[in-house]
Amino acid sequence: MSRLTASKSPYFFNAGLLYDGALLSATADAFAGTLSAIPEFDVLFGPAYKGIPLAAVTCVALANKGINKVYCYNRKEKKDHGEGGTLVGAPMADKKVVIIDDVMTAGTAIREAIAILKEQPGAQLVGIVQLVDRQERGKGSTSTSQEVAAEFGVPVLPIISIGDIITYLKARGGYEEQVKAIEAYRAEYGVVA
Ligand SMILES: O=P(O)(O)OC[C@H]1O[C@H](OP(=O)(O)OP(=O)(O)O)[C@H](O)[C@@H]1O
């Protein structure tokens, strides 16, 4: 993670742990539901690596709802054989694109993904859906998600936020120390949603 405060964060959100079929299915349904807030889109773009399965399973969840969309992803390293290149899947040129990813910290990865999208002629970013909104300050006083939304003029929608996770942990009980540590961290680095 590139964020300066990353080493101070008492928690790390690891979407790599979503390797269970039922969990992935629920995650995909949540993404598909949140996407209904974006009026028009053609392509789901899942940035490497963790965005890739999220975009793929969301595409399936949409199809199960009768909404047939397409998806694509990038490679972190360019391939010079076979189909070649860094982009795999549906073309983004002249399409309305939603980026699907797990989480933003400093916003570096999402800005890189947007730069890839903008290299495709006529591709238009129409929204970003992230699994967890950390609700932390970015470069200024607002959150990274809010900064990205303002900078690119698109909605940045979360499935859940760190606030939701704290509410859940408090209701569940048994995580008092973890909640205390996260709340202390949020008091220093967090923003109000
Ligand atoms: O906002 P940032 O500070 O860039 O951090 C968030 C990004 O970091 C992780 O991806 P990473 O680039 O580590 O790649 P991965 O998906 O392969 O883990 C994560 O999946 C986010 O995309």
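Order of listing sets the numbers, starting from 1, for every ligand and every atom in it.
- By heavy-atom distance, the residue among Asp102, Ile52, Ile99, Thr105 lying nearest atom 5 (O) of ligand 1 is Thr105.
- Under a 4.0 Å criterion applied to the non-hydrogen atoms of Thr108, ligand 1 contributes the atoms 1 (O), 2 (P), 4 (O).
- Here the shortest heavy-atom distance to atom 12 (O) of ligand 1, taken over Arg111, Lys50, Lys76, Glu112, belongs to Lys76.
- Checking side-chain atoms of Ser36 against main-chain N and O of Gly33 turns up a donor-acceptor pair under 3.5 Å.
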Under the salt bridge (charged side-chain N to carboxylate O under 4.0 Å, His left out) rule, what do Glu77 and Arg75 come out as? Steps first, then yes or no, please. CA-CA 5 Å; Glu77 289 170 11; Arg75 290 195 175 91; over 6 Å; no
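- Checking Pro47, Ala109, Gly138 against atom 8 (O) of ligand 1, the nearest heavy atom belongs to Ala109.
- Looking at ligand 1, you'll find an N or O of Gly107 within less than 3.5 Å of one of its N or O atoms.
- Clustering of Ile, Leu, Val, Met, Phe, Trp and Tyr side chains at separations under 4.5 Å leaves Val60 isolated, with no partner residue.
- Of the polar atoms of Ile110, none of the N or O atoms is found under 3.5 Å from an N or O of ligand 1, judged by distance alone.
- Per-residue contacts place Val103 under 4.0 angstrom from the following atoms of ligand 1 (heavy atoms of the residue considered): 6 (C), 7 (C), 21 (C), 22 (O).
- The distance from ligand 1 to the heavy atoms of Tyr49 drops below 4.0 Å at these ligand atoms: 15 (P), 16 (O), 17 (O).
- Residues Val103 and Leu131 fail the side-chain proximity criterion, which asks for heavy atoms closer than 4.5 Å.
- Defined by atom type and a distance below 3.5 Å, a donor-acceptor pair is present between the side-chain atoms of Asp133 and Ser145.
- Across Leu35, Val98, Val129, a single residue satisfies side chain to side chain contact (heavy atoms under 4.5 Å, CB included) together with Thr58, and that is Leu35.
- Of all atoms in ligand 1, listed by their number and element, those nearer than 4.0 Å to a heavy atom of Met104 are 1 (O).
- A donor atom on one side chain and an acceptor atom on the other are not found under 3.5 Å apart for Glu136 and Thr144.
- Heavy atoms of Asp101 found under 4.0 angstrom from ligand 1 belong exclusively to the side chain.
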